[in-house]
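Note that the coordinates shown come from a computational prediction; the quantities given were computed from them, not determined experimentally. Throughout, a chain's letter reflects where its sequence line sits, starting with A, and its residues are numbered from 1.
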Amino acid sequence: MQAVSEKYIAEAFHDADGLNVKRATVHPRVTQEMPEIIEMIQTLIDNGYAYVDNGTVYYDTKAFHEYGKLSKKNLDELLAGASERVTADEAKKNPTDFVLWKPQKPGEPKWESPWGDGRPGWHIECSVMSKKYLGETIDIHAGGEDLIFPHHENEIAQSEACSGKIFARYWMHNGFITVDNEKMSKSAGNFFTVREISEKFPYEVMRFFILSGHYRMPLNFSDTLMQASQNGLDRIKNCAASLEYYIANSITAENAEDSENIEQINGFMTKFETAMDDDFNTADAITAVYELVKFINVKIKEGFSKKAAEAAHKMLMELCGILGILQNNEAAEEDGDKDKIEALIAKRTEAKKAKDFAAADAIRDELAAMGITIKDTRQGVQWFRG
RNA sequence: GGCGCUGUAGCCAAGUGGUAAGGCAAAGGUCUGCAACACCUCUAUGCAUCGGUUCAAAUCCGAUCAGCGCCUCCA
């Protein structure tokens, strides 16, 4: 049991790390929070929000007058609908009541409790761990839109009935991913994992793709869209690489245009922040990045001072850093073949000078075979892997 | 059946009352010996459809159509 969960936790972290998702400071586990879970259930019973029936503890949804406030559901309508659809559980006072503690079933793990051996219901653990590690009121609670009801609704009912305080100030519910405009499901055969996608496209492209839409909106997934994201991301990466090369080889001195250029560069941050402040509008924020890229590419062509170029680079890296992309670009570590590559490039430049283009192209092909792409720029020949 | 979300160019997508950002793709051009990168030009009298309100609507209201989520176990 333990080994199984360890395996999947490790696998999940593998993908999360790949996507550059930062780890939380605490990753609690339900099995290690049993005393607190039992304590909270007892509090709910004591406060009159829960009742015990033969080893099972139920939450009394009618006792919590704001039940349904998150999902904008009306309890009376819920009850009416539930009575038609759900075979009534005799022990429940109301069809919408949910389990806080359930008795052990044969073969299942169990824990001791005042109501008998058993295990927690599926909502209480979240209220317990949230309270323990984050406090009675949290600022932001996130989750998939499918969890709004009943899970998040029940968390509110449990936590607020215990503390008498607001449980979460903001709720962030993300939309679902569809595949070729169809819901992802095993039965439809269009089900695949982050790991499988990562075998076709880098994690970074996946991250950029997800950021290209608003998190609350449904997101359609397809190879075509991933390819488009890869192309767009390459544009940003090309810009960063060109700019780095420009800075390394720039001879343009500080000049009168610097202050205006730097003012413009700072304007992209303002635009970026405005978008992000609007409910994490990453799609709009990326626009600011593209506009900065355009600005940089034009300036590289026109020529601008090293000082301004460095300011632009810092800004580009900062914006990309917030988005969590272009983080591995620090891989400017020495390439093992550096000397060989630069010797070949020098030979090609010689050949070009001698108008021996056949020889020059042969060297370019040789470099390509090594995985090296070269770019002729005004400042010289730039090369990179990939 | 009920509640909620969504529908903007070939594709993705921002824009929630003041006259349609940005990206990808395609096309033409500039640069280049060629190429790659880049740059320039071009792409919606139009925002699912039909009505309504308003001086003004993608944005507000109503109806309709389509997709999705939830209303049940599980999280």
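- Using a distance-only test at 3.5 Å, with no hydrogens or angles considered, no donor-acceptor pair links the side chain of A/Lys73 to the main chain of A/Gly68.
- Note: CG (A/Leu147) to C1' (B/C5) measures 15 Å, nearest angstrom.
- The partner of B/A48 is B/U64, by the rule that a Watson-Crick or G-U pair needs both atom distances under 3.5 Å.
- Each of A/Glu125, A/Glu39, A/Glu33 was evaluated against A/Lys132; a single residue qualifies, A/Glu33, per the salt bridge (Lys or Arg N to Asp or Glu O under 4.0 Å) test.
- Each of B/C3, B/A13, B/C70 was ranked by its minimum atom distance to the side chain of A/Phe149; first place goes to B/C70.
- You'll find a donor-acceptor pair under 3.5 Å spanning the side chain of A/Arg364 and the base of B/A35, going by distance alone.
- Base pairing analysis places B/C3 opposite B/G69; the two distances defining the Watson-Crick or G-U wobble pair are each below 3.5 Å.
- Here A/Lys294 does not pair with A/Glu291 in a salt bridge; the nearest charged N to carboxylate O distance is not below 4.0 Å.
- Figure legend. B/G28 is base-paired to B/C40; pairs are counted as Watson-Crick or G-U wobble with both atom distances under 3.5 Å.
- Donor-acceptor pairing under 3.5 Å, judged by distance alone, is present between the side chain of A/Lys301 and the base of B/A38.
- The side-chain ring of A/Phe357 is stacked on the base of B/G33, judged by centre separation under 5.5 angstrom and plane angle under 30 degrees.
- Using a 4.0 Å heavy-atom distance criterion, A/Arg119 is classed as making no nucleic acid contact.
- Not one side-chain nitrogen or oxygen of A/Asn220 sits closer than 4.0 Å to the OP1 or OP2 atom of B/A13.
- The side-chain tip of A/Arg23 points at the ring of A/Phe13 from less than 6.0 angstrom away and within 45° of straight on.
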